[in-house]
Amino acid sequence: MNTTTEPFAAVEVIAAKRDRNVISDPMIDWVVDAYTRGIVADEQMSALLMAILLNGMNPNEISRWTQAMINSGERLNWSMLKRPTADKHSTGGVGDKITLPLSPLVSACGASVPQLSGRGLGHTGGTLDKLESISGWRADLSNQEMLAVLESCGAVICAAGAGLAPADKKLYALRDVTGTVESIPLIASSIMSKKIAEGTGSLVLDVKTGSGAFMSDPERARELARTMVQLGVAAGVKTVALVTAMDVPLGLTVGNALEVRESVEVLAGGGPADVVELTLTLAREMLAIAGISGGKDPADALKDGSAMDVWRKMIKAQGGDPDAALPVAAHQEQVLADRDGVIANLDALSVGVAAWRLGAGRSRQGERVQAGAGVEIFAKPGDTVKKGQPIMTLHTDTPERFARALEALDGGWSVGEKTAPRMPLILDRIGSQDGHIN
Ligand code: URA
């Protein structure tokens, strides 16, 4: 469906990328805008996305594509806030509940945290699904409500409104059904268009790598991280990326309410060592990049209860009851060690798929998730176990799901003589200095 008043025809743009040519700035501006307006049809955009996936884009094309997606909607502005803004984005992983303790923690140390988050799709969980297991908590806030929570609590975690990068919403849904998600230019522009439009002054990216991550190969994860840092810096957002491990689930819980419980443990000064270490590392990066130095150290804000105070206030401000008991699934089944030894491996993807099949995640947009479903882990790689000792407990409201969850775990963990090699928790840090990404 093209009209004579349009400056380009979609086929011209598709053919240019198909033939490995650079698509010009006006072409990019037009095709993103025309697709958002419904002038370029889904089948034409599908062809273009596939050509981009196969033939790539140069840095200027990626930057222009990102800007065109930002221009498709509103750009939020937090300049009225008294404190610098800092945000974090994770590319998603299994048991990755870091946003929950991190946002109130960074607020307790002096930055404002406008955190727009998403829902889970597939085996990786979504921050909003986790928080919705808290009785009464509301993800959908107007811009005015978001500002009010930010002003009163210093941190807000909520859903991105429909006005933010609408081109990305349409494009992401199309990529999901056309096998075009796994393109670095498309992933980087999708994530960064939303983060830049969200209006944060500084951004720390947590790019996951390993079996449970989008980018299982560390080199591809580094490339994605570099591309996103470049886009952030070019748009005037101070941006740093950490490449972090997702070969083993993060912490000891995977699933919505289970992960809220663990996050509250971290805010109370406890919690698993890997979750605490990553939370503190990201918090220090966010404070440094926001230009906040010499204030309270994040480790102290976990110990003295100030991060917990912000959490409680933030949950209440969004209608939630921080004291309400968290939902517990109706049925449990234990997975036991089959011999004496050490846990040799515990594969993030297997555990993520098991939690998903138990009802913690959704397979279609809009599906309801079970708040109590998921996997609780009692032993991680390197831990010594005895035959018959519980390794995991599976939780669900629908016990017919146990068999498929157990299938997902088959071969995903083992007890042996020694631990298989593991990734370090933090593999790399990518920032920018004097215009160079390093
Ligand atoms: N998350 C996004 O927002 N976009 C992508 O393309 C991938 C992950």
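Just follow the structure's listing: the first ligand is 1, and inside any ligand the first atom is 1.
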Item to check | Pairwise salt bridge (charged side-chain N to carboxylate O under 4.0 Å, His left out) hits with a residue in residues 250-260, at least two apart | outcome: Lys130-Glu259
Item to check | Summary of salt bridge (charged side-chain N to carboxylate O under 4.0 Å, His left out) pairs that have at least one residue in residues 178-204, sequence neighbours excluded | outcome: Asp87-Lys195, Asp168-Lys194, Lys195-Glu198
Next on the checklist: I'd like the residue list for ligand 1, meaning every protein residue with a non-hydrogen atom under 4.0 Å from the ligand.
Outcome noted: Tyr172, Arg175, Ile187, Ser190, Ile191, Lys194, Phe214
Checklist entry - Counting only N and O atoms by type, is there a donor-acceptor contact under 3.5 Å from the side chain of Glu277 to the main-chain atoms of Asp274? => result no
Checklist entry - Ser211 and Asp247: side-chain hydrogen bond (donor to acceptor under 3.5 Å, both in side chains), yes or no, with the steps? => result CA-CA 5 Å; Ser211 74; Asp247 51 343; over 6 Å; no
Checklist entry - Would you call Glu151 and Lys82 a salt bridge, taking side-chain N to carboxylate O under 4.0 Å as the test? => result no
Item to check | Residues forming a side-chain hydrogen bond (donor to acceptor under 3.5 Å, both in side chains) with Ser293, sequence neighbours excluded | outcome: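 Ser293 satisfies side-chain hydrogen bond (donor to acceptor under 3.5 Å, both in side chains) with no other residue.
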